[in-house]
Enquirer: 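This is the structure I have questions about; it appears just below.
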Amino acid sequence: MRKLALICVVMVLAFLPPPLLGEVDSALLQDSVTVDLPEPPAPPGNVTATDNPNDNGRAIRVTWELSADDTTGMKNVIGYRINRAEARDAADSLWTEASDILPSGTTEFIHSGDGEEDGPDYFAKNYDFYYRVHALTADTFSVSAVVGPVQAKDNWYNTGVTFVLLFVALFIILTVTFVRIARKGKELYIRPLAGIEAVDEAIGRATEMGKPTLYILGLGSAADIATIASFAILSRVAKKVAEYQTPLLVPCYEPFVMTVAQDTVRAAYMDAGRPDDYDEDSVYFVTSSQFAYVAGVMGTMIREKPATNFYLGMFHAESLLLAETGAMIGSIQIAGTDQIAQLPFFVVACDYTLIGEELYAASVYLSREPVLLGTIKAQDWAKAVVVGTILAGLLARLLVDLDFIKTVFEVSV
Amino acid sequence: MSVGLITSVVFIGGGVLWILVQSVKGRDVDRRWIFLFIGSTVALALLFHIRFGEKATPIVKAAFNQIENLPEGASVLIAFDYDPAMEPEVGPMADCFIRHTLARKHKLFLMTLWATGQALMTNTVEDVLKPEFPEAEYGTDYVNLGYKVGGFGVINVVLSDFRAMYPTDAHGTLLDSLPMFNKVRSLRDIDLIISIGGGTPGVKEWVLFAGNRGNIPIVGGTAAVVAPLLYPYYPRQLVGLLGGTKGAAEYESELTGNYDRFKDMDTPALRMMGPQTMAHVVVMAFIIIGNIAYFRSRKREGK
Amino acid sequence: MATGNGNRKSPSNAVKIILVIVAVVFLISWISKATTGMADSTWLNIRDGFLITFAAFLTLSIFSFLYNDNPFYKFAEHLYVGVSAAYWMCLGFWSIIVGNFVPHASKTLSTFFKVPFQEYSWFYYVAFAFGVILLMRLLPKAGWIARWPLAVIIGTTAGFNLSRYLHSDFMSQVGNTFQPLFVDWQGAGHFFSNLSLAADGQLVMSAGNWIVVVGVLCGLVYFFFSKEHKGMFGAASRLGIWILMITFGASFGYTVMGRISLLVGRITFLFDDWLSIL
Amino acid sequence: MKRQLPLMLVFLLGAFMIIQYFVPAQASLDAYEFILDWMIIIGIFAMALGIWSLMRVSWHKIKRRSHDWQYAALTLAGLFIMVLFGFEPIGGGLKSYLWLQFYEFVMVPVLATIFSLLAFFMASAAYRAFRARSLLAAVLLGSAMVLMFRVLPLGPLSDPINELAGWILVVPNLAAKRAILIGVGLGMVATSLKVILGIERSYLGRD
């Protein structure tokens with residue numbers, strides 16, 4: 001992420017015309033011999049230019065050693081600037097500025113661009129370039145030796161994220177292993193979750209009161225993990241509702257979510273053996289505008305007075321609006337979201353709240369399918385690995401000042 | 001004591017008392033009373049322009065004193081590192097700082113590291129500086145350096161030389177022709193940096209790249225969201241900090257209280273804090289009343 | 001709500017009277033706005049007066065929900081739902097169909113919609129085809145085929161989320177937890193001789209880091225599903241939920257200010273823009 | 001066939017997106033951008049289904065003359081008028097005068113007002129729900145109070161409260177958010193994996 005930001009900054013810098021010191025530069029070039037020309041600083045040494053790794057072949061990394069007058073010597077170097085040309089012995093006018101002024105103390109610059117051939121940032125792939133570095137003082141500059149040729153190349157594996165790859169592998173192995181164990185019929189324990197245990201009771205209450213059950217899937221898209229978890233819960237809730245023969249209301253914010261929810265609910269009614277009770281209009285679209293949706297749902301609540309409200313999925317500022325309206329009409333409310341900012345409002349205003357990961361696990365609780373239980377077990381093991389890693393990392397840092405483990409997690413983008 | 005304040009206090013006091021009595025008696029207060037009550041609290045505060053003498057907390061007072069105690073003619077740099085979205089929160093701070101520094105006859109250097117800050121800075125100069133301080137002369141008393149690309153890199157460069165980054169000011173005048181720059185070559189010649197902003201680069205970057213390296217005192221003004229992250233820098237790396245509307249209001253109140261010429265100045269932050277304070281008092285009163293009622297009812301059930 | 005809303009009959013006389021009163025009030029407001037307007041022409045004043053009055057009417061209609069459901073709220077709600085649905089649909093059409101698809105699909109259409117034509121790409125026709133398949137849902141027999149586009153979206157996002165969340169939400173959060181437990185450690189002597197409760201002192205900073213680490217670990221323990229929360233494990237889990245609750249309370253308290261600002265904004269609109277009494 | 005093909009699509013595309021993440025080359029980036037464009041274009045067709053559902057439900061209400069059917073008609077009227085404005089300037093994009101007026105004088109005031117209802121609901125939640133029923137509830141209440149106190153002008157008390165509030169926001173807040181984020185991150189990975197491997201398939205319905 002940081003690197004991405006850096007690249008963005010660099011690209012912005014490259015995009016803008018470089019007015020700084022431009023005057024000084026050209027003035028120096030024109031009046032090549034003036035009497036009181038200040039003494040130039042020592043040039044930057046040991047310049048290297050290599051293909052920037054782990055990218056799409058549109059960047060070259062330039063490094064150099066600080067001018068002897070940067071932090072030592074005359075100490076008057078205020079910064080560096082990178083120049084690029086297409087030939088080693090190109091005339092000064094053919095060298096283009098590859099960077100803005102980089103602050104003193106800098107020893108690395110990544111010159112990057114994009115693949116748009118007519119664009120201002122075009123950066124040719126597989127093409128020979130030459131680089132040199134200027135050390136600048138307030139009124140003069142010096143030039144390093146030229147390096148090159150160097151080419152920017154496509155890379156086919158991002159070495160910066162190897163540890164992500166390893167963790168993906170570890171996680172797949174854990175999941176597959178525990179799913180196998182679970183399939184063999186081994187009993188796997190899961191701790192009780194209050195919100196889930198209340199589901200049956202809540203729907204039962206709606207039945208007794210002869211009032212509908214309201215299920216809100218949140219503002220997420222059909223592909224958001226919170227929404228997918230919510231579909232799984234909806235499928236169980238709809239089945240119970242069908243068995244108890246109470247009405248179900250599912251107003252939707254996202255059209256795609258609506259289509260999936262319709263399929264899910266219809267299938268649940270079939271499973272319950274009551275396909276004819278399914279009302280096509282019970283799962284409906286309201287609007288894709290956040291507060292208009294909320295206004296609609298609030299209106300529905302106060303008119304239909306559902307006995308039980310489920311808010312499971314992704315929520316934003318509307319969380320408290322829904323939960324307080326629900327409390328106003330005296331519904332039992334079960335909420336769950338992975339949006340940290342909204343959890344406080346659900347916790348305060350609802351009867352039960354599934355916090356973050358609990359929402360994802362809830363469908364497993366409701367179905368108790370061994371395969372899904374296996375995935376929960378795998379998740380817990382991954383968590384144990386994390387706890388172990390944190391402890392080990394801190395210990396290592398305390399004892400031998402090892403920063404290795406920290407660097408593992410600081411993968412680059 | 002204005003009529004408005006008395007009306008509001010009577011209203012709020014009476015309302016809270018009534019809800020308290022109802023709750024203690026074990027009656028459920030209909031939430032519509034709660035709604036009506038919080039709504040009218042805010043409405044009354046707005047209607048009667050209620051403000052509270054926000055007494056400056058030490059962290060804001062420290063910022064105020066820093067400017068107050070600089071010798072006359074000191075060089076102060078104000079960085080406008082924010083965008084229109086943050087303007088309601090930090091804009092009032094910028095106005096205050098400009099008023100205060102110019103009233104103390106300090107030399108003012110204005111600059112921004114945000115492209116969006118340029119227009120806001122110009123607005124502040126046109127709306128506050130020029131009309132209120134017609135005697136301040138451009139180039140002698142204040143200068144507008146404008147915006148330069150480069151983020152915190154700009155700080156690095158001006159730490160060693162202003163002219164390297166700013167051959168000219170925002171209007172294209174050569175720095176050398178401005179009297180203010182006779183004595184000032186780099187950031188190290190500045191006596192105080194005031195950084196106003198809520199993002200990156202912002203207060204934190206000024207602290208890390210200018211304050212720490214150049215040993216220059218820094219006062220920060222920032223959005224409420226960011227303020228907690230900056231508290232740890234006070235008092236060593238930040239000599240004072242204004243957090244959000246609240247901090248701005250405290251500074252406004254300090255300024256109006258200490259300077260006669262600012263008695264009637266516009267105080268948007270203080271105006272905003274009136275309804276805020278009253279609403280917070282009411283919400284907290286609700287929490288307390290709710291708990292009193294709860295414990296009463298538990299006691300009753302216990303019997 | 002305490003009072004019932006059960007009377008689902010036609011509007012009673014009282015309701016009719018209220019409706020008339022409200023209509024008269026807003027009519028007066030419109031007229032006074034129109035006559036005091038600052039615009040150049042009378043027509044503009046009449047129009048602007050209407051728009052401001054209507055906006056104020058909608059604002060008050062929404063506020064009336066706080067009392068109970070009522071015709072005004074229903075009016076504002078239903079109007080808003082319809083208008084906003086159309087708003088998003090048109091926005092989607094112009095920005096996506098016209099903005100993304102047309103420039104890659106047809107020169108004629110590009111000219112028609114006045115967007116610069118980019119280049120033909122069969123890829124975009126495939127996307128379009130998937131979109132059309134999605135509409136097959138409306139046919140009772142072919143509904144199942146609509147799952148293909150759904151599969152495209154869900155599969156892609158699942159793969160996308162997997163590695164990216166692993167990176168940003170998971171690995172970098174774990175990595176950030178490796179803070180030094182003894183900030184700026186220069187030996188026990190230095191530590192004790194400089195002991196202070198200052199916010200940026202060694203003691204407070206170190207203690208903060210300890211609490212963060214312990215908090216993260218206990219929080220994680222709370223999220224263990226397949227182990228009974230008993231004994232030491234249970235204690236850690238309880239500490240975890242404590243820290244969660246402190247945070248939730250703090251977030252709630254912190255947000256009050258922002259929400260009050262919103263209300264201030266609306267009331268300022270009513271008092272200032274509409275009634276001009278501030 | 002009805003379920004197999006979609007499941008295969010999910011697997012293939014999911015696997016592709018995972019691999020894509022590790023390949024920085026241009027071809028991989030291009031494919032990635034194409035697929036994102038695909039999703040957006042497909043998504044807009046879903047919008048048509050949504051509008052269809054809205055019209056259908058409203059129409060049923062009107063046809064059956066069910067309670068409040070007049071309001072359903074209002075929704076449809078709003079919808080059609082806005083669509084009309086939205087397509088009036090064919091070729092010009094969304095610059096229609098009436099479109100902008102509807103946005104500014106219908107949508108914005110209602111949106112802002114509904115958002116501001118939160119101020120009322122915060123107050124009622126404070127009265128109703130912030131009760132110290134247990135130690136845990138008391139902790140929640142206490143930290144909320146500390147954060148609210150920081151707004152009041154309390155003179156000399158302000159500074160310690162500010163510091164405490166700042167500390168809560170920086171230290172326990174950070175710990176809790178991080179714990180939740182790590183859990184959520186893992187849960188996301190696990191659920192994504194379940195989806196890609198076809199273990200979680202409730203979103204596909206049955207038959």
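Lettering follows sequence order; numbering is per chain, from 1.
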Enquirer: With no hydrogens and no angle check, is any side-chain donor or acceptor of D:W38 less than 3.5 Å from a backbone partner on C:F123?
Expert: yes
Enquirer: Below 4.5 Å, heavy atoms only, C-beta onward: do C:F93 and D:M47 meet side chain to side chain?
Expert: no
Enquirer: Please tell me whether D:F105 and C:F50 form a close aromatic pair, meaning their ring centres lie under 6.0 Å apart.
Expert: no
Enquirer: Do C:P149 and D:F45 have side chains that approach each other closer than 4.5 Å (heavy atoms only, starting at C-beta)?
Expert: no
Enquirer: Output the distance between atom OG1 (C:T177) and atom CG (D:L174), rounded to the nearest 0.5 Å.
Expert: 8.0 Å
Enquirer: With a 4.5 angstrom heavy-atom cut-off, could you sort out which part of C:I52 is near chain D: side chain, backbone, both or neither?
Expert: both
Enquirer: Can you tell which of C:A250, C:G265, C:G215 has the highest number of heavy-atom pairs within less than 4.5 Å of chain D?
Expert: C:A250
Enquirer: Side chain from CB out, backbone as N, CA, C, O: work out which of these in C:F223 comes under 4.5 Å of a heavy atom of chain D, or both, or neither.
Expert: side chain
Enquirer: For the atom pair CG (C:L51) and CD (D:E104), what is the distance rounded to the nearest 0.5 Å?
Expert: 8.5 Å
Enquirer: Is there a side-chain contact between D:M122 and C:I260, using heavy atoms and a 4.5 Å cut-off?
Expert: no
Enquirer: May I ask you to check whether C:Y87 and D:F102 place their ring centres under 6.0 Å from each other?
Expert: no
Enquirer: Are D:M107 and C:S84 close enough that some pair of their side-chain heavy atoms sits under 4.5 Å apart?
Expert: yes
Enquirer: Examine distances only and state if a side-chain atom of C:W148 and a backbone atom of D:L5 form a donor-acceptor pair shorter than 3.5 Å.
Expert: no
Enquirer: Please check if the side chain of D:S192 supplies one atom and the backbone of C:G159 the other of a donor-acceptor pair under 3.5 Å.
Expert: no
Enquirer: Tell me if a side-chain donor or acceptor on C:R147 pairs with a main-chain N or O of D:L204 at a distance below 3.5 Å.
Expert: yes
Enquirer: Enter the distance from C:I243:CD1 to D:I168:CD1 here, rounded to the nearest 0.5 Å.
Expert: 11.5 Å
Enquirer: Got a second to check how far D:I42's CD1 is from C:F130's CZ, nearest 0.5 Å?
Expert: 6.0 Å
Enquirer: Count the heavy atoms of every other residue, nucleotide or ligand shown that sit under 6.0 Å from OH of D:Y103, and state whether that count exceeds 12.
Expert: no
Enquirer: Out of C:L217, C:V126, C:V221, C:T111, which one racks up the most heavy-atom pairs below 4.5 Å with chain D?
Expert: C:V126
Enquirer: Using a 4.5 angstrom heavy-atom cutoff, name the option from C:F75, C:F269, C:F54 with the most pairs to chain D.
Expert: C:F75
Enquirer: Is the shortest heavy-atom distance from the side chain of D:L79 to the side chain of C:V83 under 4.5 Å?
Expert: no
Enquirer: Roughly how far, to the nearest 0.5 Å, is the CD1 atom of C:I246 from the CG atom of D:L169?
Expert: 12.0 Å
Enquirer: When heavy-atom pairs shorter than 4.5 Å are enumerated against chain D, which of C:L166, C:T157, C:V81 gives the highest number?
Expert: C:L166
Enquirer: Once you measure the plane-to-plane angle for D:F120 and C:F63, does it fall in the parallel (<30°), tilted (30-60°) or perpendicular (>60°) bin?
Expert: perpendicular
Enquirer: Can you check whether C:F160 and D:Y21 have ring centres sitting under 6.0 Å from each other?
Expert: no
Enquirer: Highest number of heavy-atom pairs under 4.5 Å with chain D: which of C:G219, C:S163, C:G208, C:G92?
Expert: C:S163
Enquirer: Working to the nearest 0.5 Å, report the span between CG of D:L136 and CE of C:M245.
Expert: 5.0 Å
Enquirer: Using a 3.5 Å distance criterion without hydrogens, assess whether the side chain of D:T75 forms a donor-acceptor pair with backbone atoms of C:H78.
Expert: yes
